[in-house]
Amino acid sequence: MILLCATTFVWSCGDDTSVTDPTSAPGTTMPDPTATGPIDPTTGGQPTSVGTGEDTTSGTTTEPMTTSLDSSSEGPGPVCGNDVIEADEPCDGTDLGGATCVSEGFDGGSLACADDCSGLDTSGCSAAVCGNATLEGSELCDGAELGGATCLSEGFDGGTLACANDCSSFDTDECSTCGNVIVEGDEPCDGVALLGESCEDQGFDSGQIACLPDCSGFDTTSCGMCGNGVRDGDELCDGMDLGGESCLSQGLGNGNLGCLASCQYSFVGCELASGVLLTVRTGDGWLRALDPFTLAFTDIGPLGVGFDFGEVAYDTTNGILWMIDGRPLEALYTVNMATGAASLVGVHGIDDLFGLAHDPTTNTLFGSGESPTGFYSMNTMTGAASLIGDPAMAADGLTYDSTRDQIVALAAGGGTMYSIDRMTGAPTVLSNAGFIDNCGLAYDPFQDLYWAIDWSGNLYTYDPNMAYTRTLVLSGLGSHDGLTYVQGFAP
């Protein structure tokens with residue numbers, strides 16, 4: 001009993017893979033019926049190293065052999081150089097992921113990828129340098145390098161385009177737009193903006209300068225050069241060129257009209273026909289004619305409008321008698337020399353505009369004021385007055401001297417006689433003969449004398465050949481104002 005139990009214990013509890021047959025001789029082993037490996041022919045037992053997972057000689061357990069691939073593998077890793085960004089590559093060859101030199105903080109250049117795909121290669125990028133006359137990066141221009149842009153391409157008519165100091169924009173200060181009446185860029189003029197330029201500045205003697213339509217220069221076609229034998233500019237004549245005029249057309253009878261060196265008419269060869277002085281009697285507003293030789297008055301007719309401190313002026317160019325009233329309506333009129341009737345042209349609106357004269361050399365009607373003082377050009381279509389300048393002296397009487405080609409004014413009160421610059425209104429004193437009341441002034445080319453008549457009823461002459469010496473001719477005539485000379489007129 002004891003022996004059987006011991007034998008049984010050894011069979012069931014041992015580590016050996018062999019089985020002890022209880023019926024065989026002691027020490028004899030039988031193959032393990034559960035074994036799967038081949039039987040060792042030398043021992044009749046199982047191999048010790050194949051598929052058992054257990055070392056029969058040492059008693060140590062070993063891991064089974066693996067004969068298949070790992071099922072968790074995802075294939076090969078990223079490949080640098082195939083021009084495709086993979087995994088965590090920042091770039092690969094030509095594939096930069098949309099990056100550029102500009103996106104990397106540079107102004108321009110060529111971005112690349114590092115050979116090992118480890119990062120972007122910015123060695124080909126560049127930063128713009130303003131001032132090196134080379135267009136770089138985001139520069140619009142650089143110095144003289146404008147990328148082909150001009151004032152024309154920027155919407156102007158001409159001029160010189162430049163680059164701003166920071167190279168970010170164009171400098172158009174020297175560009176210009178012709179026709180906006182602003183001289184800009186390289187324009188010498190624009191419309192009526194002439195920057196003070198005149199025909200005289202361009203080497204001519206007279207005339208009115210203008211600007212060419214494209215603002216590229218001055219138009220001098222209306223400028224004149226006295227002495228070239230051609231009537232140009234504002235010349236009345238030049239040498240033998242009299243513009244078709246004659247003694248008869250000038251109201252001077254028969255004879256030969258000549259031309260002075262100043263390109264003004266010479267009446268020496270004409271059979272001068274005398275004229276009359278026209279004035280207004282202020283008490284009743286009647287137009288009157290005065291014969292300068294007989295000193296006899298002829299009443300023509302009433303003006304039919306208010307006349308207070310006014311003046312009359314004969315327009316030899318158009319054959320019109322003009323009249324202004326300094327008060328009350330402050331307007332310009334034409335007057336019918338046959339009837340005396342006045343017709344309104346328009347209101348000038350200038351307080352105390354007391355003087356009026358017509359300049360045939362420019363066909364301009366001039367007006368002059370006392371308070372405020374001023375020298376004006378008159379619009380013969382509307383009556384409007386445009387200020388030319390301020391002589392800073394009153395001008396109650398005003399007339400045109402055709403012999404000396406000058407506008408002459410006479411100031412009431414102090415009695416100063418002076419010429420007025422037609423372009424600026426600046427005065428040049430001719431004489432100061434003493435007090436005279438509000439008056440009219442006229443030049444008589446037949447006798448080469450100035451006549452004046454005033455509110456005190458006095459009639460005077462001023463002789464330009466004797467330093468404008470004044471002579472009292474008549475007195476006690478009653479209040480008169482306004483005076484002009486009309487060649488060849490007989491009321």
Side-chain angles (χ1 to χ4, degrees), residues 66-197 211-218:
T66 302
T67 59
S68 62
L69 294 174
D70 185 352
S71 62
S72 66
S73 173
E74 297 181 358
V79 178
C80 179
N82 63 354
D83 294 326
V84 178
I85 295 177
E86 302 167 309
D88 57 356
E89 287 180 335
C91 58
D92 192 317
T94 59
D95 189 352
L96 304 179
T100 63
C101 285
V102 174
S103 70
E104 298 306 301
F106 295 88
D107 290 297
S110 300
L111 187 66
C113 185
D115 292 340
D116 61 357
C117 302
S118 62
L120 296 169
D121 178 2
T122 61
S123 61
C125 296
S126 61
V129 178
C130 183
N132 63 357
T134 302
L135 285 179
E136 302 165 313
S138 60
E139 289 180 340
L140 186 61
C141 54
D142 195 318
E145 177 55 65
L146 304 176
T150 64
C151 286
L152 292 176
S153 69
E154 297 307 299
F156 295 89
D157 293 332
T160 303
L161 188 67
C163 188
N165 292 332
D166 62 0
C167 300
S168 65
S169 62
F170 293 119
D171 180 354
T172 60
D173 288 347
E174 294 303 314
C175 293
S176 59
T177 299
C178 182
N180 60 359
V181 200
I182 299 174
V183 178
E184 55 195 351
D186 55 3
E187 293 178 340
C189 56
D190 195 316
V192 296
L194 303 174
L195 297 184
E197 199 72 10
C211 190
L212 291 173
D214 63 358
C215 302
S216 63
F218 293 104

Taking atom CG of Leu135 and atom CG of Leu140, what is their separation to the nearest 0.5 Å? 8.0 Å
Heavy-atom closest contact (Gly81 atom, Cys117 atom, distance): N-SG, 3.8 Å
Within 6.0 angstrom of Asp116 CG, more than 12 heavy atoms from elsewhere: yes
Any side-chain heavy-atom pair from Leu161 and Glu174 closer than 4.5 angstrom? no
Counting only heavy atoms from other residues, nucleotides and ligands, does the tally under 6.0 Å from CG of Asp88 exceed 12? no
Considering non-hydrogen atoms only, spot the tightest contact between Cys91 and Ala114 and give its length. SG-N, 4.3 Å
Side-chain (Thr150) to main-chain (Ser153) donor-acceptor, under 3.5 angstrom: yes
Quick note, side-chain hydrogen bond (donor to acceptor under 3.5 Å, both in side chains) partners involving residues 184-196, not counting sequence neighbours, are Asn180-Glu184
The criterion is side chain to side chain contact (heavy atoms under 4.5 Å, CB included); which residues satisfy it with Val102, sequence neighbours excluded? Thr100
How far apart are the closest heavy atoms of Cys178 and Asp214, and which atoms are they? SG-C, 3.3 Å
On a heavy-atom basis, which atom in Asn165 and which in Cys130 lie closest, and how many Å separate them? O-SG, 3.2 Å
Which atoms form the tightest heavy-atom contact between Cys167 and Gly131, and what is the distance? SG-N, 3.9 Å
Side chain Ser123, main chain Asp121, donor-acceptor under 3.5 Å: no
Contacts of Ser110 that satisfy side chain to side chain contact (heavy atoms under 4.5 Å, CB included) - sequence neighbours left out: none
The reported gap from CG in Asn132 to CG in Asp142 (rounded to nearest 0.5 angstrom) is 4.5 Å
CD-SG distance between Glu89 and Cys113, expressed to the nearest 0.5 angstrom: 7.5 Å
Any side-chain heavy atom of Cys175 within less than 4.5 Å of one from Thr160? no
Closest approach of Leu96 and Ile85, non-hydrogen atoms and distance? C-CD1, 4.2 Å
Is there a side-chain contact (heavy atoms from CB on, under 4.5 Å) between Cys163 and Asp171? Walk through the geometry before answering. CA-CA 5 Å; Cys163 188; Asp171 180 354; over 6 Å; no
Flag, side chain of Glu104 to backbone of Cys101, donor-acceptor distance under 3.5 Å: no
Is the shortest side-chain heavy-atom distance between Leu195 and Glu197 below 4.5 Å? no
Contact check, side chains of Phe218 and Leu212, non-hydrogen atoms, under 4.5 Å: no
For the side chain of Asp92 and the backbone of Asp83, is there at least one donor-acceptor N/O pair under 3.5 Å apart? yes
Please answer whether the main-chain N or O of Phe156 pairs with a side-chain N or O of Glu154 as donor and acceptor at a distance below 3.5 Å. no
